[in-house]
Structure formats: structure tokens, C-alpha cells
Undergrad: 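Structure provided below as C-alpha cells; questions to follow.
Indexing begins at 1, ligand by ligand and atom by atom, following the structure's order.
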Amino acid sequence: MSSAPKFVVLLGPPGAGKGTQAAFLREILGVPHVASGDLFREHLLNKTKFGRQVVSYIERGELVPDDLTTAMVMERLAQPDCQHGALLDGFPRTLGQAVALDEALAKQGHRICQVLNIVVPDEVLVERLSGRRVCRKCGAVYHIVHNPPHQDGACDRCGGELYQRDDDRPGTVRYRLKVYWEQTSPLIDYYKKQGVLVEINGNQSIEGVQAELKAAVTCDGRG
Ligand code: ADP
Ligand code: ADP
Ligand code: ZN
């Protein structure tokens, strides 16, 4: 029996824990994790032409323009592994992107099944982003205090080197939160009106957030 495709959006400010929870959600949903930030960083790493077009925005903590971002994510969603849906993380981040996504899905007779909004106060976000470390090799996410690796500076999963993202320095972090409130937070109302928004308390332990997400997800075949 084939079920409806599962397009689920992870919403929430930078540092809310979207990437951290994505691995587990991808498992229960059975769809790929599509993170716009990861797609951008892949371009930067591979020094593509597209990467050169977007690097200055990312370094400043600004949003990449909608047309470039939407084209990149749509190209990813057109890959065969996304035909049964995707877990979107970091996209959409503006109303323009949200409308473009709705229109693109509607053209294929699909729609967003659920938007999981992870809510965390700004002060907590600054502390989380400043202590975030990421594996260069596999992208696994750590925190120097809240989720440290077993061995300093090395990834538990693959042994890769852990690094601090340039845009996780305190000055850029504050700016990214301002950008979130101005440009991304209006999506909360947008999705509320569509009746697909669920709020998750992200200001608790990683396991606590996971349990709340597990109870809230209705797109795993039950819904
Ligand atoms: P975080 O996980 O901290 O929220 P991301 O890895 O999602 O950050 O994004 C890193 C940067 O990539 C953003 O600050 C922005 O410059 C760019 N970016 C990611 N997603 C989008 C998007 N949907 N629209 C515009 N820019 C984006
Ligand atoms: P996002 O993808 O939303 O930007 P991340 O998943 O990268 O957020 O998490 C940001 C930082 O906060 C990381 O260092 C991560 O280890 C840490 N973190 C994630 N969830 C929690 C939590 N519930 N409690 C404490 N720290 C957390
Ligand atoms: Zn790793």
C-alpha cells in the first residue's frame, strides 16, 4: 500500500536543535533530510560557481536571496529519493520561499503534511550556537557543554575533526537571530493559518525534545 508523500518542515531559530533532531525524525518518517544550510556548505566546500555567488551572504549571517535558495532546494527535491517526501530543515525561511514551496508541491499534487516549530528563548540560542561544533567529515552536531564528544575535538561517529562554523561566532549569531525574527518568524502565522503547525518546547534536554517530537508527528503513516 502506498501512502501520501510526507513533506515535513522543521521550523525554528538558528540553534533550536533542528539538525540535532533531524537524524531521529528522518528514521521515523522514512524520508531524506534536506537541510538548506548543508546544501550551501557543500557548495562552499566544493568551491562551485554557485558557492561563490552565495558565500558573502552566509559569512555575514544574512539570508541568501530567495531565487537562488529556492532553485537549489527544488533541485534537491527533484531527486528520486525525495519522491516520497522530505524532512525540510532551514527551508523555507521567508514568506517568499514558503509560497514557492507550496506552489511547487501543489503542482505535483502534494502538500506539506506538518510543520514542527521548535521554540527556544534567544538567550539560550546564543549559548547553544557559541558552543556548537560540527564534524567536518559527516556533519554530526555537538555542543562543548551539552552534547560533548567522547574525545575532545573528534567525532564519535566517524573520528572526523570537529570545527566551529565561522557564522557561529557571537557577533554573527546575534545578527542571525535578528534576521530570524524579521524574516522567518512570520512563517509561524503563515503555517498556523494552514492548520499544519505544531509547537515543540525546544528548551529541554535533547531526549526531552525527541520525546515531544515523537508524540507530535502525525505524518509517519498514521496521519
Ligand atoms: P542554522 O542551522 O544555524 O539555522 P543553517 O545551517 O540552516 O543555520 O544556515 C546557515 C546559513 O545559510 C544561513 O545563515 C544563511 O546565510 C544560509 N541559509 C540557509 N538556509 C537558507 C534559506 N532557506 N534562505 C536563505 N539563506 C539560507
Ligand atoms: P539548528 O539546526 O536548529 O541550528 P543544532 O541542532 O545545530 O540547531 O543545535 C545547536 C546547538 O545546540 C548544537 O551545539 C547542539 O549540540 C545543541 N543542542 C541541540 N539541542 C539541544 C538541547 N535540547 N539542549 C542543549 N543543547 C542542544
Ligand atoms: Zn563525523
Undergrad: Tell me which residues fall inside the under-4.0 Å heavy-atom shell around ligand 1.
TA: Pro14, Lys18, Ser36, Gly37, Phe40, Arg41, Ile58, Glu62, Leu63, Val64, Thr69, Gly90, Phe91, Arg93, Gln97, Arg132, Arg165, Asp167, Arg176
Undergrad: Can you count the protein N, O or S atoms that lie less than 2.8 Å from the Zn ion (ligand 3)?
TA: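 Every protein N, O or S atom under 2.8 Å from the Zn ion (ligand 3) counted, the figure is 4.
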Undergrad: Measure from NZ or CZ of Arg136 to the centre of the six-membered ring of Tyr163 and say whether it is under 6.0 Å with the direction within 45° of the ring axis.
TA: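 Judged by the rule (NZ or CZ under 6.0 Å from the ring centre, within 45° of its axis), Arg136 counts as positioned above Tyr163.
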Undergrad: Between Ile188 and Lys192, is there a side-chain heavy-atom distance shorter than 4.5 Å?
TA: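 Yes, side chains in contact.
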Undergrad: Please identify each residue that fulfils side-chain hydrogen bond (donor to acceptor under 3.5 Å, both in side chains) with Glu199, with sequence neighbours left out.
TA: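 Partners of Glu199 by the side-chain hydrogen bond (donor to acceptor under 3.5 Å, both in side chains) criterion come out as none, since no residue qualifies.
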Undergrad: Tell me which pairs pass salt bridge (charged side-chain N to carboxylate O under 4.0 Å, His left out) where either residue lies in residues 23-46, with sequence neighbours left out.
TA: Asp38-Arg41
Undergrad: Quick check: are there more than 12 heavy atoms from other residues, nucleotides or ligands sitting under 6.0 Å from CZ of Arg169?
TA: yes
Undergrad: Output yes when the distance from some N or O of ligand 2 to some N or O of Gln204 is under 3.5 Å, and no in every other case.
TA: yes
Undergrad: Measure from NZ or CZ of Arg60 to the centre of the six-membered ring of Tyr57 and say whether it is under 6.0 Å with the direction within 45° of the ring axis.
TA: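 Yes; both conditions hold, so Arg60 lies above the ring face of Tyr57.
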Undergrad: Which atoms from ligand 2 have a heavy atom of His146 less than 4.0 Å away?
TA: 25 (C), 26 (N)
Undergrad: Could you check whether Thr172 and Asp167, counting side-chain N and O atoms only, form a donor-acceptor pair closer than 3.5 Å?
TA: no
Undergrad: Which residue in the set Leu101, Val31, Leu11 passes side chain to side chain contact (heavy atoms under 4.5 Å, CB included) when paired with Leu88?
TA: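 It is Leu101, the one option of Leu101, Val31, Leu11 that forms the side chain to side chain contact (heavy atoms under 4.5 Å, CB included) with Leu88.
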Undergrad: Please assess Lys107 against Glu103 for the test salt bridge (Lys or Arg N to Asp or Glu O under 4.0 Å), listing each intermediate value before the final yes or no.
TA: CA-CA 6 Å; Lys107 260 191 205 154; Glu103 285 175 0; over 6 Å; no
Undergrad: Under 4.0 Å from a heavy atom of Ser205: give me the atoms of ligand 2 that qualify, with their elements.
TA: 23 (N)
Undergrad: Scan side-chain atoms only and decide if Glu127 and His146 contain a donor-acceptor pair under the 3.5 Å cut-off.
TA: yes
Undergrad: Can Arg176 and Asp168 be counted as an ion pair, charged N to O under 4.0 angstrom?
TA: yes
